[in-house]
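Okay, structure first, notes after.
The model shown is predicted, which means the values in this text are computed figures rather than measured ones.
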Amino acid sequence: VWRFQKKKIKKKYQKKILFFPNWIDTTEYKNKKINKNHKLILKKDMFKLMYIGNIGYSQDFNGIIKILKILKKRNFKISFVVIGDGRDMKNVFQKVKEENLKNYIYFLGRIKKEYIKNYASYSSMLFLSLRKNELFDITIPAKFQTYLSLNKPIFGVISGETAKLISSLNCGISINSGEYKNAANMIIKIIKNKTCLKKFYNKKDNTVMKKLRYENVIMNLKKIIDQ
């Protein structure tokens, strides 16, 4: 829960509220060589959206398929790279096959965290999505912090708190959950003018990143305990 929920919480609870976030440990990233077969995919000369994380019902891969179908129909080719796996993997594979999207989406499987920064460096934007749901509107996915640490702009098909954060931190573009046509239109707009991505801040210098670093989060925890 970030500052956008602060007012709502204060209305319900009169006592002092302490904020303790998920942290980012950037020391886990190493300069590791990328799998040769993966490199062929990552080096494709086209706009690349990269998704890193769980492939499940909540992440709305049905929506991702819909976005890719729209792009295919309008003859806009992109490379959607998926790193990770999950319980919905089999269903997603089947839908990709049914819609003949094998040249639009690539599954690289699980990758150790130490490799992630190198893989992310090949992406145009990092993709984040959740299904349309009131509960998800007040949810900040853990991968959001990870994405911030990878120094790439974020493309979110997501509503609520996360969308507000993307906007306030100027770290990417967000389209409301479930608005797949609008998401596809925005991707096409970016493809036509990739220079628009340059306006997003360099996350390395952001104060939010500093607050979320492992050592700083633990230091704050010690201060809370000592109070």
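Both Leu101 and Val81 are assigned to one and the same hydrophobic cluster, defined by single-linkage of ILVMFWY side chains at heavy-atom distances under 4.5 Å. A chain of hydrophobic side-chain contacts below 4.5 Å, direct or via other Ile, Leu, Val, Met, Phe, Trp or Tyr residues, connects Leu221 to Val217. Criterion: ILVMFWY side-chain heavy atoms under 4.5 Å apart, direct or through other members. Under it, Ile225 and Ile218 are part of a common hydrophobic cluster. Transitive grouping of hydrophobic side chains (ILVMFWY, heavy atoms separated by less than 4.5 Å) keeps Ile70 and Ile67 in distinct clusters.
For Ser174 (side chain) and Ser159 (main-chain N/O), no donor-acceptor pair under 3.5 Å exists by modelled atom type. Judged by distance alone, with hydrogens and angles left aside, the side-chain atoms of Ser129 form a donor-acceptor pair with the main-chain N or O of Gln59 at under 3.5 Å. Not one N or O on the side chain of Lys48 forms a donor-acceptor pair closer than 3.5 Å with the backbone of Met125. At distances below 3.5 Å, at least one donor-acceptor pair connects side-chain atoms of Asn170 with backbone N or O atoms of Lys199. A donor-acceptor contact shorter than 3.5 Å is absent between the side chain of Tyr180 and the backbone of Ser177. Within the 3.5 Å criterion, the main-chain N or O of Glu179 finds no donor-acceptor partner in the side chain of Asn176.
Note that Arg131 lies outside the cation-pi zone of Phe136, set by a 6.0 Å cut-off to the ring centre and a 45° limit from the axis.
By the side chain to side chain donor-acceptor pair (under 3.5 Å) test, Glu98 pairs with Gln94, sequence neighbours left out. Looking at residues two or more places apart in sequence or on another chain, you find a ring-ring contact (aromatic ring centres under 6.0 Å, His included) between Phe107 and Phe93. Listed by chain and number, the residues in a side-chain contact (heavy atoms from CB on, under 4.5 Å) with Ser167 amount to none (sequence neighbours excluded). Taking Lys102 as the reference, Asn100 meet the side-chain contact (heavy atoms from CB on, under 4.5 Å) condition, with sequence neighbours excluded.
With ring centers used as reference points, Phe127 lies under 6.0 Å from Phe80. Side-chain rings of Phe47 and Phe76 stay apart, their centers remaining 6.0 Å or farther from each other.
Met186 has its side chain out of reach of Ile188: every pair of non-hydrogen atoms, C-beta onward, lies at least 4.5 Å apart. Contact of the Leu126 side chain with the Phe155 side chain is not registered, since no non-hydrogen atoms from C-beta on lie closer than 4.5 Å. Between Asn62 and Ile64, every side-chain heavy-atom pair lies at or beyond the 4.5 Å cut-off. When side chains are defined from C-beta on, Ile52 does not count as touching Lys143, because their heavy atoms never get closer than 4.5 Å.
Counting only N and O atoms by type, the side chains of Ser149 and Tyr29 include a donor and acceptor under 3.5 Å apart. Side chain to side chain, Tyr115 and Lys33 fail the donor-acceptor criterion of an N or O pair below 3.5 Å.
Under the salt bridge (Lys or Arg N to Asp or Glu O under 4.0 Å) test applied with Glu28, the options Lys112, Lys117, Lys113 reduce to a single match, Lys113.
Contact detail for Lys152 and Ala120: the closest heavy-atom pair is CE-O, 3.4 Å.
The salt bridge (charged side-chain N to carboxylate O under 4.0 Å, His left out) analysis of residues 62-71, with sequence neighbours excluded, yields the pairs Lys69-Glu99. Screening residues 73-92 for salt bridge (charged side-chain N to carboxylate O under 4.0 Å, His left out), with sequence neighbours left out, gives Asp85-Arg110.
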